[in-house]
Amino acid sequence: MDFGSIIDAAISDALGPQAVVFALAAIGLNIHFGYTGLLNFGQAGFMAVGAYGLSVTMVRYDMPLPVGIAVGMAAALVLALVLGVPTLRLRADYLAIVTIAAAEILRLVFGAVETKEVFGGSNGLNGYTSTWNSLNPYSGGLDIGIASWSRNDLWAMTVGWIVVGLCCLLVWALMRSPWGRVLRSIREDEDAVRSLGKNVFLYKMQALMLGGVIGGLGGIFYALKQASTVPSDYSTNLTFFAYVALLIGGAARVMGPVIGSMIFWFLMSGIGQLFSQATRGADPLIPDWIMTDTQASLVRYVLLGLGLMLLMIFRPQGIFGDRREIAIDAR
Amino acid sequence: MRLRTAALLSVIIAGFVFLANPAHAETDPTPEPSASTPASDAPVQGPAIRVRLLDQQGGEAEDPPPVPGVTVRVSDESGTEIGSAVTDDMGVAAVPIPGTGKYRVSIDEDTLPEGVRLTGKKTLDVTVNLAMGQNVAFPLNGKVVEKTPFVDRFFNSLAGGVKYGLIIALAAMGLSLVFGTTGLTNFSHGELIVFGAISAYYLNVGVGLPLIVAGLLAIVLGGVFGWAQDRALWRPLRHSGTGIIAMMIVSIGFGLLLRNVYQFVFGANTRSYADYTSQRQHDFGLFSMTYKEVSIIVVAIVAIGLVTTLMTRTRLGKAMRAVSDNTALSASSGLRVDGVISWVWILGAALSALSGVLLGVNSQINFMMGYQLLLMVFAATILGGLGTIWGAVLGSLIIGIITEVGPLLGVPSSIKEVGALIVLILILLIRPQGILGRAERIG
C-alpha cells in the first residue's frame, strides 16, 4: 500500500477544481438553507442552467466567453424567479420535493433526444474552452510532493478559489447587513418578520436568486474545468453531495461551505484511493471474495451516506456551526 | 404476427445479412441462436446476400418469429439496383450478387407488416468478401405508428398508465402512511421498493423458488426490513425530538447508503427474474396486454383493496388513521403510538416491496429503479394529498396515466416523466393540499 499516493490524491482533490465546484454550490445552498431556511434540493438545476447557459451560448451561437458566463448567470437568475414564484410559499418539505422535481425536469430535458439540436443529448456539449485555455498563464503542472496538479487544474484553481473568495466576502458583507439579519430572522420565525412589516416573500426570493446565481457560477465553473457539459453530471446526487459539504463545514457560517467541500473531497478521494489500492494487484490486501475493485469504488459512497446520517443525528451544526443557528426544526 | 398490438412500444426487427459462399453453404457460427439454420437450404445458387428478418418482440419462445413477405433490395455502390427478393416463410430473402464488392441492402417499407414503420437505419452498407462466409447482423428499429388508430393507441396507453399507476400506488400508500403518522418525508422510500425487487430476485434466481413464492417472501422480508429500520433508526430519532428536516436529511443519507449497498451486492447490471420474462400480447378488446401485465394489475388491485379494508374495518387500521390524524390525542386516548407506527412501517415497507416485485416483473431489476421511481411516487402522493392513502391511490393513477398517455399528446416519449413532474409543480400552485387532502397551512 502506497500511503504517499493516497495522501497525494486526497490533498490534490481537496484543493483542486472539483472542490471549487462544490464550494460554490454549497455557498449558494448556505444562503438558501443556512441563512434563510429554504430547503432547496434543486441546486443541481441551478448549476445545470449555468453550465448549459454558458455552453449553448458559446457552442451554438459562437459567442465569446464573457457573454457565455453572463448568459449562464442570467439563466440561473431566471430559474430562481420561475421556481421561486410558485414554491416559496410552501412548507420546507414540499419545497424540497418541488425543487428536486424541477432540477430533474431540467436534467431530463437537457439530455432528451428531442432537444439534441440545442443541448447535445446525453453526450452534452463541448468545444467551448479555447478562450478559457488560452488565458492560462501557467506553463506546466505543479508537484509539491504531497499533492500535484496539472497545468489546466492550476489555472482552474487559481480562478476558482478567487471566485470562491469573492463569494465568501459577499456573503460575509451581506449577512452582517440589515438585509442579512432579515434573512436570518425569516429562518427563525417567518411570522415575526411579517409582523414587522417586512415582505417575507420578497426577501426569500432575493435569497433564492443570490444563492441560485452562485450555484450557477458553480455550474459555469464546472463546465469550464471539465471542458464538457453532460446532463448526467447534474443529477440529484450533486445537490446531495453539496449539502453534505455544507453540513460538514457548518451551515450559516461564511467559511463553512468552503472548508466543508475541502474536507468532503479530501475524504472522498482519500477513501476512494485507499480502497482502490487495497483491492488492486495480484494479491490484494482485501481479497476478491470480500470485494472486487468495482465494488471498492462504492465503499466511499456507502460511508458518505452513513456519514451524512451520523452528522445529522449527532452534530447537525457541522464543524464550525452553531446548533441554535440550524434551521432543522423549521416547519 | 399482429404487431399493431404493441402500440407505442418500439418493435425491433432484426435483419441478418448472410453472405453465403457457394463453396461452403453453411454460414459460420453466430451468437444468434436462430440465425445459423437457414443457410443450407438456400434456393439461390452462387454468391448471394441473404437477409433474414426476425421480429424480436414477438413470439413466446426464445426464437423470434420470422417476418415473411417483405421486399429486400440490394444495390451496388453507385446505387444501381442489382436485384430484390421477398422474404419467405422463414423470413429469408436471398439476392444473387455478381461478386465481391460493396453493396447496399435496404428494406421496402411498404411491404412491412401492417402498422410497422422503420424509424432507425433503413439501409445497410455491406462489403462482400467471398473468400469466407460472412454474416452481419443489424437491428432495424421498427415502430408501430400511423396505421394504428388513435383510439386504439389511446386505450393501450391508458391501460399501460393504469398498470404503471397501480405500481406507483403501492409504493405511494407506504410513503403516505409513514408521512401521515410520523411526518417523515422519506427520501429513502425508493430503496424499500428495490429491497423487494432484489430480495425476490435472489429467492427466484439464486435459490430457485418460483417467482410467486419468491415474491411473497420478498414482501414478508420487506415488512421485516421496514420494522427493523423503524426500531433501529426512526424511532430513536423521533424520541430524541429530531426535527422533520433533520430526519429528511437523515433519510437522504440512508437512501444513499442503501443504494450503494445494493449496487455493491447486486451490481450495476439490469437483470430479469427467471420466470415470465417474455410474453406475447393478447387482445382484450379495447387494449392488448401480456398476461403478466394483467396479473400485475390484478395483484395490485387486490393488495390495495386489502389495505383499504384493513384501514377502515380493523382496529389496527383505525388506530393508524387516528395516529395520522392527531398523534398527541391518540396517545392521550391510550393508543400505543409507537406500536401503531411499527405496524405502519411494516405495512408501508411490505407494500413497497410488492411494488418493487411487480415493477421487476413488468420490466427489469436495477439498483436504481426505486430512486428513479421515487419522484413519481412523491408526485403521486402530493397530487392525491400527503398523508391520505385514498389520495395516494388516486394520485398514482393520475400520474401513471399522465406519464403513459402524455407521449400521444406530444410529450417527447424519451422524457415522458416530465409531464408528471410538471403536474406536481402545478398542483402545488393551485391546490397544495392535494386532491383529497384537507386544507391546512403548508406555506
Side-chain angles (χ1 to χ4, degrees), chain A residues 33 37 39 41 83 85-98 100-102 104-109 111-115 121 190 236-237 239-241 243-244 247 291 294-296 298-313 316 326-331, chain B residues 179 183-185 187-188 233 236-237 240-265 267-268 371-372 374-375 378-379 381-382 386 411-426 428-430 432 440-443:
Chain A
F33 175 68
L39 204 54
F41 274 170
L83 196 59
V85 169
T87 58
L88 283 181
R89 299 170 200 279
L90 298 171
R91 204 171 65 196
D93 42 358
Y94 281 77
L95 182 68
I97 294 171
V98 175
I100 275 198
E104 278 296 284
I105 291 175
L106 286 170
R107 185 178 66 85
L108 288 170
V109 170
V113 185
E114 287 79 2
T115 56
E190 237 182 274
T236 316
N237 270 349
T239 308
F240 291 165
F241 293 172
Y243 260 99
V244 177
L247 291 168
M291 62 175 89
T294 332
Q295 288 174 321
L298 298 171
V299 173
R300 57 178 176 166
Y301 292 107
V302 175
L303 294 175
L304 176 67
L306 190 67
L308 179 57
M309 291 169 69
L310 295 176
L311 190 67
M312 216 52 222
I313 295 169
I326 304 293
I328 49 172
D329 291 317
R331 173 128 192 162
Chain B
F179 177 84
L184 168 68
T185 313
F187 276 89
S188 65
L233 181 63
L237 282 183
S240 69
T242 311
I244 57 160
I245 293 179
M247 285 220 274
M248 192 194 299
I249 297 177
V250 170
S251 81
I252 289 174
F254 191 49
L256 195 62
L257 179 135
L258 286 178
R259 264 199 306 287
N260 285 289
V261 169
Y262 293 152
Q263 195 188 350
F264 190 102
V265 177
Y371 190 55
Q372 283 154 353
L374 183 67
L375 273 184
F378 273 135
T381 346
I382 288 182
L386 254 176
V411 179
S413 55
S414 65
I415 50 169
K416 57 185 182 181
E417 287 86 0
V418 167
L421 297 180
I422 289 174
V423 169
L424 164 67
I425 295 179
L426 287 183
L428 283 170
L429 257 176
I430 302 160
E440 62 169 327
R441 193 180 153 73
I442 62 163

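In what follows, chains are A, B, ... by sequence order, proteins preceding strands, each numbered from 1. Keep in mind the model is a prediction, meaning the values are calculated, not measured.
Between A/Leu304 and A/Phe241 the shortest side-chain heavy-atom distance falls below 4.5 Å.
Interface summary for chain A: among B/Gly267, B/Gly253, B/Ala420, B/Gly255, the most heavy-atom pairs under 4.5 angstrom belong to B/Gly253. Comparing B/Leu233, B/Ile252, B/Val418, B/Ile425 by heavy-atom pairs within less than 4.5 Å of chain A, the highest count is held by B/Ile252. Contacts with chain B were tallied for A/Leu95, A/Val299, A/Ile100, A/Val113; A/Ile100 has the most, counting heavy-atom pairs under 4.5 Å. Interface remark: of the candidates A/Thr294, A/Asn237, A/Val244, A/Asn237 forms the most heavy-atom pairs closer than 4.5 Å to chain B. Between chain B and the residues A/Leu306, A/Thr115, A/Thr87, A/Leu310, the most heavy-atom pairs under 4.5 angstrom are made by A/Leu306.
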> Are A/Phe240 and A/Phe41 close enough, and set up right, to give a ring-ring contact (aromatic ring centres under 6.0 Å, His included), and what steps lead you there?
Replying inline: CA-CA 8 Å; A/Phe240 291 165; A/Phe41 274 170; 5.8 Å; yes
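Contacts between B/Leu424 and chain A at a heavy-atom distance below 4.5 Å involve the side chain alone, from C-beta outward. For A/Leu39, the part lying under 4.5 angstrom from a heavy atom of chain B is the side chain only. With a 4.5 angstrom heavy-atom cutoff, A/Leu303 does not touch chain B via any of its atoms.
Within the 3.5 Å criterion, the main-chain N or O of B/Met248 finds no donor-acceptor partner in the side chain of B/Thr185.
Rounding to the nearest 0.5 Å gives a distance of 11.5 Å between OG1 of A/Thr236 and CG of B/Leu256.
The salt bridge (Lys or Arg N to Asp or Glu O under 4.0 Å) search around A/Arg107 returns A/Glu104, not counting sequence neighbours. Applying the ring pair (Phe, Tyr, Trp, His ring centres under 6.0 Å) criterion to B/Tyr262, with sequence neighbours excluded, gives no partner residue.
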